[in-house]
Amino acid sequence: MNYFIHTYGCQMNVHDSEKIAGILEDLGYVSFTDVKDADIVVFNTCCIRETSEKKIYGHIGQLKKLKKVKKDMIIVVCGCMSQQDGVPAKIRESFPYVDVILGTSNLAELKDAILQAKRKRKYTNTNFCIYQEEDFNQLRTSYPNAWVNINYGCNNFCTYCIVPYVRGRERSRQMDDIVKEVEQLVENGYKEITLLGQNVNSYGKDLGGGENFANLLHRLGKIPGKFRLRFMTSHPKDLSEDVIDAVAQYPNICNNIHLPVQSGSTEILRRMNRHYTREKYLECIEMIKSKLPDVGITTDIMIGFPGETEKDFLDTLDLVQKAQYSSAFCFVYSRRKGTPADLMPDQIPEDVKKDRITRLIATQNKVTREISKQMTGNVYEVLVEGTNPKFEGVVCGRTESGRLVNFKGDASLIGQFVNVKIEKSASATLWGVITTEEK
Ligand code: SAH
Ligand code: SF4
Ligand code: F3S
């Protein structure tokens with residue numbers, strides 16, 4: 001009995017898929033690479049932009065013919081898309097061959113839902129409930145990296161964003177549970193642990209015991225052993241100096257901060273409900289750079305928010321040049337039903353959006369190329385993550401700052417720290433050689 005999981009969206013979903021895999025393996029299923037022969041197909045969905053949703057509906061549609069032949073195949077749709085109002089009904093109507101629909105907090109029911117589906121009973125539940133991480137046997141799939149949730153949900157309600165509606169209110173895990181999980185992972189040989197939350201900086205606020213994210217980092221930074229710790233995502237409005245001081249204090253915590261800016265225009269930021277100005281954001285960047293040498297700062301930026309003028313957009317380009325991000329995820333604003341921005345006047349025409357995203361990407365590429373050039377000739381410690389699928393005899397890994405480096409090597413290096421001298425760069429990708437030279 002085989003299963004195949006389609007994972008869409010962010011790291012939160014990648015990690016949820018590891019929990020789904022754990023549940024399916026407990027039921028006796030094994031992972032399979034060919035969807036056509038799978039007994040269970042899971043769609044772990046994302047609805048952050050319209051393009052994500054369209055793609056997923058297309059993929060679910062492709063299974064119609066297959067299910068006609070393979071009547072016992074069980075199809076599960078879960079994740080953020082199925083949590084949206086009206087979506088379960090729409091799936092039932094347009095894709096009646098789907099067996100199970102679960103919301104973002106209903107994973108604990110997956111086992112029962114599958115057993116029902118085996119008896120040809122449909123199962124749907126998207127009611128919010130709180131589950132504990134410990135309930136799942138996770139099947140970790142990304143050695144030497146491991147994901148650890150620290151808080152779920154989001155309370156920020158940025159006016160463009162669907163996440164608070166589909167992931168619910170902020171819930172933090174108990175600090176002791178997180179520390180125990182990280183200790184266990186380090187003991188089991190994991191070398192890079194990434195803490196996950198929509199807004200890691202608000203960790204602990206809901207626990208009521210005075211816990212906060214900086215305290216959590218102090219506890220995790222003291223765990224002995226050679227491993228790296230990263231975290232995402234930081235919201236600029238809540239990123240405190242205490243957090244950056246903790247990053248600076250512990251060598252295990254990487255000098256790598258993902259700090260989504262969204263826009264370089266204070267007026268657009270106000271309408272996005274981001275609670276910071278362009279100036280405050282740039283001050284934050286300065287504070288980080290002054291405390292963390294060689295830091296890699298990455299970001300998310302959106303163009304085409306309702307009412308964005310050419311001047312607002314130029315402010316964004318200017319900020320990109322000032323911030324000097326090592327890389328940036330650039331998005332075109334997408335209208336999401338039920339969010340305030342969807343109802344705002346002055347939605348931006350497609351051709352203007354296209355022009356702006358092209359210019360934004362070109363600007364950031366130039367910055368990335370420049371930073372890559374500066375790195376050439378230097379030696380960095382790299383954690384080897386895997387073999388490069390495109391080039392035979394080449395492995396890849398990341399620097400502490402989060403930059404991807406390719407170099408000659410074989411699979412036996414995976415999970416090891418090696419020193420690599422950067423020889424050349426092709427925009428975002430760095431190429432180097434293993435060296436005995438010190439950093
Ligand atoms: N919690 C994180 C981000 C979660 S979503 C944060 O606050 O930064 C990841 C990214 O998707 C966001 O940073 C944003 O840039 C983008 N995004 C969110 N909603 C979007 C929308 N409606 N259209 C286009 N991009 C969007
Ligand atoms: Fe969405 Fe804003 Fe929450 Fe991030 S902080 S998940 S962008 S509402
Ligand atoms: Fe992530 Fe997409 Fe959900 S970005 S939180 S999987 S809407």
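In listed order, ligands and their atoms are each counted from 1.
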Out of all atoms in ligand 2, which are within 4.0 Å of some heavy atom of [X]? Include the element for each.
| X | value |
| --- | --- |
| Cys154 | 3 (Fe), 5 (S), 6 (S), 8 (S) |
| Phe157 | 8 (S) |
| Pro164 | 8 (S) |

Classify the side-chain pair [X]/[Y] by whether it contains a donor and acceptor separated by less than 3.5 Å.
| X | Y | answer |
| --- | --- | --- |
| His258 | Thr233 | no |
| Glu109 | Asn106 | yes |
| Asn44 | Ser17 | yes |
| Thr277 | Thr266 | no |

Within the distance-only criterion (no hydrogens, no angle test), does the side chain of Arg336 pair as donor or acceptor with the backbone N or O of Tyr160 below 3.5 angstrom?
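Here the side-chain-to-backbone pair does not exist.
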Would you find a donor on one side and an acceptor on the other, under 3.5 Å apart, between the side chain of Asn149 and the backbone of Leu195?
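Here the side-chain-to-backbone pair does not exist.
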With the threshold set at 4.0 Å, does a side-chain nitrogen-carboxylate oxygen contact exist between [X] and [Y]?
| X | Y | answer |
| --- | --- | --- |
| Arg230 | Glu192 | yes |
| Lys54 | Glu50 | yes |
| Lys19 | Glu25 | no |
| Glu181 | Arg140 | yes |
| Lys118 | Asp72 | no |

Which residue holds the protein heavy atom closest to [atom], what is that atom called, and what is the gap in Å?
| atom | result |
| --- | --- |
| atom 7 (S) of ligand 2 | Tyr160 OH, 3.3 Å |
| atom 5 (S) of ligand 3 | Gln198 NE2, 3.4 Å |
| atom 1 (Fe) of ligand 2 | Cys161 SG, 2.3 Å |
| atom 5 (S) of ligand 2 | Asn156 ND2, 3.4 Å |

Kindly confirm whether atom 3 (Fe) of ligand 2 is within less than 2.8 Å of some N/O/S atom in His235?
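So His235 does not bind atom 3 (Fe) of ligand 2 by this criterion.
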Can you see whether Tyr57 has Lys90 sitting over its ring - NZ or CZ less than 6.0 Å from the centre and within 45° of the normal?
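Because its charged atom sits under 6.0 Å from the ring centre and within 45° of the axis, Lys90 does stack over Tyr57.
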Over-ring placement of Arg403 relative to Tyr380, 6.0 Å and 45° cut-offs:
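Relative to the ring axis of Tyr380, which defines the angle, Arg403 lies outside at least one limit.
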Gly197, Cys158, Pro260: member with heavy atom nearest to atom 2 (Fe) of ligand 2:
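Comparing heavy atoms across Gly197, Cys158, Pro260, the nearest one to atom 2 (Fe) of ligand 2 lies in Cys158.
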Residue-ligand contact Arg274/ligand 2, heavy atom below 4.0 Å
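Within the 4.0 Å threshold, so yes.
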Ligand 1 polar-atom proximity to protein (N/O, under 3.5 Å):
residue	atom	partner	partner atom	Å
ligand 1	1 (N)	Gln198	O	2.9
ligand 1	1 (N)	Gln198	OE1	2.8
ligand 1	11 (O)	Arg49	NH1	3.3
ligand 1	13 (O)	Gln262	NE2	2.8
ligand 1	13 (O)	Asp300	OD2	2.6
ligand 1	15 (O)	Gln262	OE1	2.7
ligand 1	22 (N)	Tyr160	O	3.0
ligand 1	22 (N)	Ser334	O	2.9
ligand 1	23 (N)	Ser334	N	2.9
ligand 1	25 (N)	Arg49	NH1	3.1

Which class fits the ring pair Tyr8 and His59: parallel under 30°, tilted 30 to 60°, perpendicular over 60°?
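Ring orientation, 0 to 90° scale: tilted.
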Taking atom 1 (Fe) of ligand 3 as the centre, how many protein N/O/S atoms fall inside a distance shorter than 2.8 Å?
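That number is 1, waters not included.
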